[in-house]
Each structure stands twice: as structure tokens, then as C-alpha cells.
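Each chain gets a letter, A, B and so on, in the order its sequence line appears, and its residues count up from 1. These numbers come from a predicted model, not from an experiment.
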Amino acid sequence: MKNNDRYDFRAIEKKWQQRWEEEKPNRVSEEPGRKKYYVLEMFPYPSGRIHMGHVRNYSIGDVIARYKRMQGFHVIHPMGWDAFGLPAENAALKRGIHPAAWTYDNIAYMRAQLKAMGLSYDWDRELATCNPKYYRWEQLLFLQMLEKGLVYRKETTVNWCNDCQTVLAREQVIDGACWRCDQPVEPKTMHGWFFRITDYADELLDDLDQLTGWPEKVVTMQRNWIGKSRGLACDFPLENSEGKLTIFTTRPDTIYGVTFMSLAPEHPLVQELIRGTEQEAEVQEFIRQTLVEKQRASVEDELEKKGVFTGAWCINPFNGERVPIYVANFVLMEYGTGAVMAVPAHDQRDFEFARKYNLPIRPVIQPQDTILDGTAMEAAWEGPGVLADSGPFTGMASGEARKAIIRHAEEQGFGRAQTTYRLRDWGISRQRYWGAPIPVIHCPSCGIVPVPEDELPVVLPGADSPDGSHAPLHQQESFYRTTCPSCGAEARRETDTMDTFVESSWYFARYTSPREENAPINREAAAYWLPVDQYIGGVEHAILHLLYSRFFTKVLRDLGYLQIDEPFTNLLTQGMVIKDGAKMSKSKGNVVDPSDLIEQYGADTVRLFSLFAAPPERDLEWNAAGVDGASRFLNRVYRLVRANLDCFGAGSVDGPNLDPASRRLYRKTHQTIARVTDSIESNFHFNTAISAIMELVNETGTLLAEHTIDRAVLREALETALLLLFPMVPHFCEEMWEITGHGEQIAAARWPTFDPEAAREDELTIVVQVNGKVRSRLQVAADISDEELKELAMADERVHKFTGGKAAKKIIVVKRKLVNIVV
RNA sequence: GCGAGAGUGGCGAAACUGGUAGACGCACUGGACUUAGGAUCCAGCGCACUUUGUGCAUGGGGGUUCAACUCCCCCCUCUCGCACCA
């Protein structure tokens, strides 16, 4: 054997992958009484090829899965495909392939790529959401939610692209134009289906407290997204009519400071108020302009506050004052009641508006140290204070006044305490082809009729033949022409498909019984495997996917399928893979193809590097040279093992009777077990785990070069290194395990146990400081007393040099660490 | 603007509840072995200087402490999320 021998990663990885394919070692089924562990990585969209982000995500998940197996857990680790979505339709248009064919081709290719990474999935659980065997259950869930009143249809304004003939999500509208065809987007009123996620707003918010295994950041983002606020809903009677204007405010304490009202341009009352008045034309023009501006505006810019007087007035029920009603461009119809009471002295937006249109600014909350004057104020005072000019509430503290004012409004009958959420119901209608059809039928006489359960699935037409139509369903007459299941009359099938986020909201539950033919989820299987113990994915899903999944979990629980409240006990949000300081992207031309790397270095090396270069939650800077380093390390281990094959016959270690060098290696081995286990347990910091193993390997090499090492100790050191490395570089470790004469696979081995006695240091290096600066070091026995240590330190030659013979004022001894002499 | 996180060698990064700053790896430098080396092995590698040593160093400035990457205050920069939510 030459000393530059390298292991044949191609042969080895192929060999073990083949064996895993045949033996299916990761196939699992429920074993009540055995402790389960569910590891899940966010499933990929089958876009064509895997990218570095996938490599990182799945490497992390695989280490956790394999590590937990070695610790005796019964591990479920599934993989599948989030297979519906717009790119398939784009590809279909561009290349004349059917979306289904494109998707399944991609899945086949990417599955092979994942298998080439040696990931330990239970492939028997694989699922693709575009398969009718999956989405039929989603359709059933939809119907059950419909029955429970959790689904409804309503008319709303959407962003419509006339060229593409579809609704666009807000993030797909760029500067008022369609992201795909660059044509102007127009508002369009149309019917759509909604999930009543707001019914669960309180529970989604409250249960965030249970998610102690989630990053604080994600919990905060969700909390803000739900945006619960408590306040007062208050009716302001209109001056010259029977009607009233209802507003929502979180600051009822400022209600005596109201000097005008602001309505959203879309507010239905506006049209009533201006009909036939002098202001009508002006207001209509303002509304038209504002809606255009809002479409145009990119998300970042805050528009200048503008408004127009409607000519109408209402009455403040607290003090009987007349209040002018404005339409304002900054009031959102979607939040609260779409109408705001304006208190310019205590709200910055109202303040700017009032200054612009010369409306009165009346302070009614006086802060502690100054007295506000409406004419002199430069900004609104939004803090707390004492009420002024507020009728019977004058003199109260603002916090207290909030409650008193709400109580008063309730007693008088013109207001009530109200809780408002920022969260909206989830619009799931898409006018696209490549999605799960919504299973209802519109009948002219019966209205909306659910498709009978025994007629599910409503299959996407054309998906089973390569040249089948993939036009949007509303253009496929043979699809939508049907008869009413209830009365038999001619009827029309719903042609909307579901948002693809619906599929990913429950796939983790379907994985527990992916072939179940009688229900969406097998209750027993779900009860055994759920919740997911560790979920891993990019932080970009912090809100939508994770919130929807939490919502679905609660719905599935209420439908009787699940017994859990939350789907993911622990969440790891991994950082991005970047190169040259930027996220990898085609447009930047800094993409590294994982398959090329695997071809060149082998999967184990690629896995090792992606785990070593940074802790998982942080961004990972890709570095080609670093991959060489990982490869070099594995080859060093390979040579070390091959050069010492003879030690693997040795027996167990006789701890107390070792020569110093062997004792050193024995100690290092156990210290390494402790460090690696800690690094994984505390926060999955594989980078430090790997460096600890590298130290062990380096130490083994160094000691072997200079000493004769006890065979048993050496065996244990090498075996330990392989066992600790196995979750990260499985092919390599299996091969090493085999060539070192182990009959069983390393996958069947247990995670090594740490022996504190073996790891104990008998000698320590103690730092000696003078006035806090390191001046000397002492080698001492580990059990030395503080007194002895002080004496040794004071007697040290180098210490004398720095104390200059002065007496010590103070001597601090930190056990096992240092002595600091203060003079 | 609001919220969260992060700033440590040429680079990726370590440092447990305050206790040797820079583990481990990359790059680099010198050497060995070689027909050769982009292989392997050995040694060096924060910066500065008057180089068997000393001083200065964890974004900047203060502070607490015998001792600060770590705790407190102020400021700067970057990343991410939210952004007229009444």
C-alpha cells in the first residue's frame, strides 16, 4: 500500500447504495412500545435538478436520522414531492410537454440524485402531491371542511393578468405588471374559495407558546403575522341620515381627540355618502386615482398621505361633536372596519394628514413632562399620559381610561370591546391547470353541491396522456360540463384548482400512512408517528407554509384524524448556501451543481463539507477548496484504518494499566465521544462535531508515529471515529467497518458511550496571570489543592519578573483553569 | 420606521454558566519524499516591533470586574422579516 492511497468512492458508494436499495434498511412500520423519532426535511418542488440548498438540507436531516437510529430510536424519515405548481405549466408552454410528463420526469431524475447522496429515507413512503391517490384525499378533506363551515366562497378583488388569464398572488405583481408577461395587472372582482383560518387565529397565536423547539425568530414572525389587537368598535351616527359609521380603534382613550374620520376608498359607505352631492365627481376621481396608484406602487414605498372630504359629517357619540368624514388613501379596507377615527394629536398618520389639510389637532393625552399644544406639535404623541379635555374621563391615566371608555360605550350601546386580527382568511382558488381540482359542482337550482365522496377524485383531465390538454379548466368544456348530483339537471363543475400550499399543509401526516386506501390518514399510524420531532428547512417558509401546516393540523384534529395540536415539535431553519457573497442563482452565474461535485468527490465528501463549513442555521459560503479538505480528511482516515487492520482483533481496553501514550489516546477517544455527542445534542452543530473527530484522528496519527499504542486502545479509537462519522459519511464508514472485519453493518451499531473515568485528565495546564495578563503556565496534577497551586505560582520565576518583588494584594484561583496574582 | 439576528486572522469558523482568543479546516510559506506533484508527510502561519521577548488585537467608544468575544450603556455597518394594521 502506498502512502498516498485513496479510497475508491465510486465503487464504494455504488456498492452500498445498491445494498440499501435491496435491503431497504430504513423501511419502518409502527412498533407500539418502541420510542419513535420523526425526522422530516421540507419536501422539494421537482424543478428539474437538486441544488446545493437541497444537499445541505437533506444532509442535515440524514445525520439526525442516522444519529437517532444509533441511539435506539425507531426513526421515520420520509421523502416526497411537492409536485403541483406553476413552473410545470410554464415549461409546458415553452417546450410543448405536458405538465404531468415534465413533473414526473423531473421527479425520476431528482430521485436518482437523492439516492446518489446516500440519504436514509424510507422510500416506500414516497409520495407526489400531483398523484390523484394523494389529492383525492385532499379533495375529501376540502369537502369535510366545507361541511364544517371552514370553507366558503366569496367575491373579492384580485390581481388579474388578462394575458395569462389568471389571478396573480401579490408577490407576483411587480410594479403593477405581471411578473411573467409584463402586461399591466388589473383589479378584478371574482368569486374565490377561502379557508376560514381566522377561526383558528387565537389558537394559532396561543399555541405559539408551546413551540419551545422553534427559533424565536419564526415564532415572532408568526405572532406578528397573526397580529392580534384588542380595542373598541364604536358607532358614529351619521349627521343627516339614519346610518352609522363603525370604526375600530386600539386607542379608545384618545376618542375625545377625534377631529375627522378616514374611510378606505373602497368603503361601501363612501358611495352612499356622496351620491348626488357636489363632491361626488371629485371623490370618485380621487378613488380612481388612489386605486391606480396603489396598483403601481412597489411594496417598499410609502405613499404620501392624501384624502378628500366627502361633504358628509358624523357625530362623536362621546361628546356630540360634528366630525367631517374624509376618504383617505392610507386606510385599508381589509383591516378592521375599513374606517378609522382620526386623532391627529396621537397618531402620526392622522397628524400628517391633518397638517396637510389644515384640520384641527387636539391633544387629549398629556405626557408626564411636557404639555402638548396642538398648534405647536411637530409630531403626534403616541405614548401614555393623563387624559385632558375628555369629559368625565379627564384626569385618568391612559391605560385605565381605555377600559373605562370601552365600558361606557358598552353601557350606552354604541360600542363594544373587539379583537381584530391582521390575519386574513386563506384564499385558495387558482385559475390554473396544474393543481388539485376543487371538488364541487355549481347547479343552477341547487347552488353549490359537493361532489359525492364515491366520485372522488375529481381527476385533472389530460394528465394521463402526453398530448392531453393542459388548458385551464374553465376552458375545458368536457371537464366542466356535468350534471347535478342532487337534482340531475345540467350543471357546471368548479374549475378553480387549489393553492399548492394546501398539499404541503398535510403531507407530513400522510407520510405516516402513505398507501392508506380508505382515508386521508390512518389514525393509528398518525397517533404513533406524529408529531414530527424534528423539521428542517429554509427560513423562507417561516410564515406561509408553517402557519398553514399548523392550521391544517388543528383542522385535522377537529375532524378526528389527529390527536396532536402542533405538527412540528422542533424546527431547524437552515441558512442559505451562498457563493461569492450571494445566493446561488442562474442570473448571477454562481451556481454549483451538486451532481458534478458528487461525480468528482463522492457523496460522502460533499456531505461532509456541507456539514463542516458552517453551523446549520447560518449561511454557508461555498468554497471549492474546502471540499478538497473534506476529501483529504476521509482519505487520511482510510489510510490510518488500512495501516492498522491488525488491531481490530484486539479485546477490550484495560483502562487502569495503560502506558502514558495509550492512556492519552484512550482519554482523547472518550473526550471526543463527549464533545461530538454534545455538539449534536445541544444544537446540531456538526461543524464542531467534525472538528473534534478530526482532532481524534490527528492525535491517533501523531501518537502512532512516536509510540507503540496498546492494540485495544487503538481499536477503540478507530472504531469510535468511524461510529461518530457514520451519520455524516455513511458509505465510507460502512466500507471501513466491513474491511475491519465487523460482521454486522455499522448501521446496526450503537452510538458509542462516554466513560467519564476514561476521559479524566490527570494533569492540567494552569495559566498564571499577573494583573490579568498571562505570564506563565504550570503543569500540575489534576487534584492539586488551591494552596499548593498558589505556592507554585508565587514561586514561578517568570511571575517574579512581573511582580517586581511586590507582595500580592490578592490571589484568585479558578479551579482547573488559572491563578491570577494581583499586585 | 418597527422587529429579529450578526460583526472575531487572508478565508470558513471555534471559545462551556466571564477565566489561555483564534480549536478544526482552507489558503499561504519553508522543508522531506519524488522523473514529476494539484498526492503524501514534517514545520511555520493574528498584527506590530528593538523577535530567546514585548506590545496591541474579537465593528467603534465608554463602563462593571482581579479578569470581558462573553455582562451594561451609546454609536456604526450588514443580513433577514414586516411595513401606512388604526
Inset, instruction - Determine whether any donor atom in the side chain of A:Lys809 lies under 3.5 Å from an acceptor atom in the base of B:C66, or the reverse, and answer yes or no. - result: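 Side chain to base: no pair present.
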Inset, instruction - Step by step, work out the side chain to side chain donor-acceptor pair (under 3.5 Å) result for A:Thr573 and A:Glu617. - result: CA-CA 6 Å; A:Thr573 50; A:Glu617 70 280 2; over 6 Å; no
With a 3.5 Å limit on both atom pairs, tell me what [N] is paired to, counting Watson-Crick and G-U wobble, or say none.
{"N": "B:A14", "answer": "none"}
{"N": "B:A43", "answer": "B:U29"}
{"N": "B:U50", "answer": "none"}
{"N": "B:U77", "answer": "B:A6"}
{"N": "B:U65", "answer": "none"}
{"N": "B:G1", "answer": "B:C82"}

Legend entry - A:Arg349 NZ/CZ over A:Phe330 ring centroid, <6.0 Å and within 45° of normal: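 Verdict for A:Phe330: no cation-pi partner in A:Arg349.
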Looking across every strand, which nucleic acid part, if any, lies under 4.0 Å from [X] by heavy atom: base, sugar-phosphate, or nothing?
{"X": "A:Pro615", "answer": "sugar-phosphate"}
{"X": "A:Ser262", "answer": "nothing"}
{"X": "A:Val331", "answer": "base"}

Inset, instruction - Take A:Gln671 and A:Glu761, measure what side chain to side chain donor-acceptor pair (under 3.5 Å) needs, and give me the verdict at the end. - result: CA-CA 10 Å; A:Gln671 289 176 341; A:Glu761 296 277 3; 2.9 Å; yes
How long is the line joining [atom1] of [X] and [atom2] of [N], in whole Å?
{"X": "A:Leu818", "N": "B:G18", "atom1": "CG", "atom2": "P", "value": "14 Å"}
{"X": "A:Asp350", "N": "B:C85", "atom1": "CG", "atom2": "C1'", "value": "13 Å"}
{"X": "A:Glu706", "N": "B:A43", "atom1": "CD", "atom2": "C1'", "value": "13 Å"}
{"X": "A:Leu640", "N": "B:C41", "atom1": "CG", "atom2": "P", "value": "11 Å"}
{"X": "A:Ile811", "N": "B:U65", "atom1": "CD1", "atom2": "P", "value": "21 Å"}
{"X": "A:Gln348", "N": "B:A86", "atom1": "CD", "atom2": "C1'", "value": "14 Å"}
{"X": "A:Met333", "N": "B:A86", "atom1": "CE", "atom2": "P", "value": "16 Å"}
{"X": "A:Asp619", "N": "B:G7", "atom1": "CG", "atom2": "P", "value": "13 Å"}

Can you pull every protein N or O that's under 3.5 Å from an N or O on nucleotides 21-25 of chain B?
from  : atom 1 : to       : atom 2 : distance (Å)
B:A23 : O2'    : A:Glu695 : OE2    : 2.8
B:G25 : OP1    : A:Asn698 : ND2    : 3.1

Inset, instruction - Starting from the C-alpha separation in whole Å, work towards a yes-or-no answer on ring-ring contact (aromatic ring centres under 6.0 Å, His included) for A:Phe501 and A:Trp426. - result: CA-CA 10 Å; A:Phe501 274 111; A:Trp426 173 13; 7.2 Å; no
Inset, instruction - With syn defined as a glycosidic angle within 90° of 0 and anti as everything else, classify B:U51. - result: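 B:U51: syn.
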Legend entry - Where the chi angle of B:G9 falls, syn if within 90° of 0 and anti if not: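 For B:G9, whose glycosidic angle is within 90° of 0, the conformation is syn.
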Inset, instruction - Give a yes/no on whether any side-chain N or O of A:Lys773 is located under 4.0 angstrom from OP1 or OP2 of B:C56. - result: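 Checking B:C56 against A:Lys773, a side-chain N or O does come within under 4.0 Å of OP1 or OP2.
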Inset, instruction - Using only side-chain N and O atoms of A:Thr765, determine if any of them is under 4.0 Å from OP1 or OP2 of B:U20. - result: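 The answer is no; no side-chain N or O of A:Thr765 sits under 4.0 Å from OP1 or OP2.
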Closest to side chain of [X], choosing from [options]:
{"X": "A:Val340", "options": "B:U54, B:A14, B:A86", "result": "B:A86"}
{"X": "A:Thr220", "options": "B:G3, B:A86, B:U54", "result": "B:G3"}
{"X": "A:Arg639", "options": "B:A86, B:C41, B:U20", "result": "B:C41"}
{"X": "A:Arg422", "options": "B:C82, B:G81, B:C80", "result": "B:C82"}
{"X": "A:Lys217", "options": "B:G19, B:A14, B:C80", "result": "B:C80"}
{"X": "A:Arg777", "options": "B:U20, B:A86, B:C66", "result": "B:U20"}

Legend entry - Closest-nucleotide ordering on RNA chain B, the 5'-leading residue of A:Arg775 and A:Phe330: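 Counting from the 5' end, the first nearest nucleotide belongs to A:Arg775.
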Legend entry - 5' precedence on RNA chain B between A:Glu216 and A:Val767 (nearest-nucleotide basis):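 Its nucleotide being nearer the 5' end, the pick is A:Glu216.
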Inset, instruction - Tell me yes or no: between the side chains of A:Tyr256 and A:Asn316, is some donor less than 3.5 Å from an acceptor? - result: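 Distance-only check fails for A:Tyr256 and A:Asn316.
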Inset, instruction - Give a yes-or-no answer on whether the side chains of A:Thr337 and A:Thr246 include a donor-acceptor pair shorter than 3.5 Å. - result: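 On atom types as modelled, these side chains do not qualify, holding no pair under 3.5 Å.
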Legend entry - Intermediate values then yes/no, ring-ring contact (aromatic ring centres under 6.0 Å, His included), A:Tyr7 and A:Phe732: CA-CA 9 Å; A:Tyr7 79 99; A:Phe732 176 82; 4.9 Å; yes
Legend entry - Trace of the ring-ring contact (aromatic ring centres under 6.0 Å, His included) decision for A:Phe260 with A:Phe353: CA-CA 10 Å; A:Phe260 61 100; A:Phe353 194 90; 5.2 Å; yes
Legend entry - Integer angstrom distance from the P of B:G10 to that of B:G5: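 Roughly 28 Å separates the two P atoms.
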Legend entry - Identified side-chain hydrogen bond (donor to acceptor under 3.5 Å, both in side chains) partner of A:Thr765 from the options A:Arg816, A:Lys817, A:Gln779: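 In the set A:Arg816, A:Lys817, A:Gln779, the residue that makes a side-chain hydrogen bond (donor to acceptor under 3.5 Å, both in side chains) with A:Thr765 is A:Gln779.
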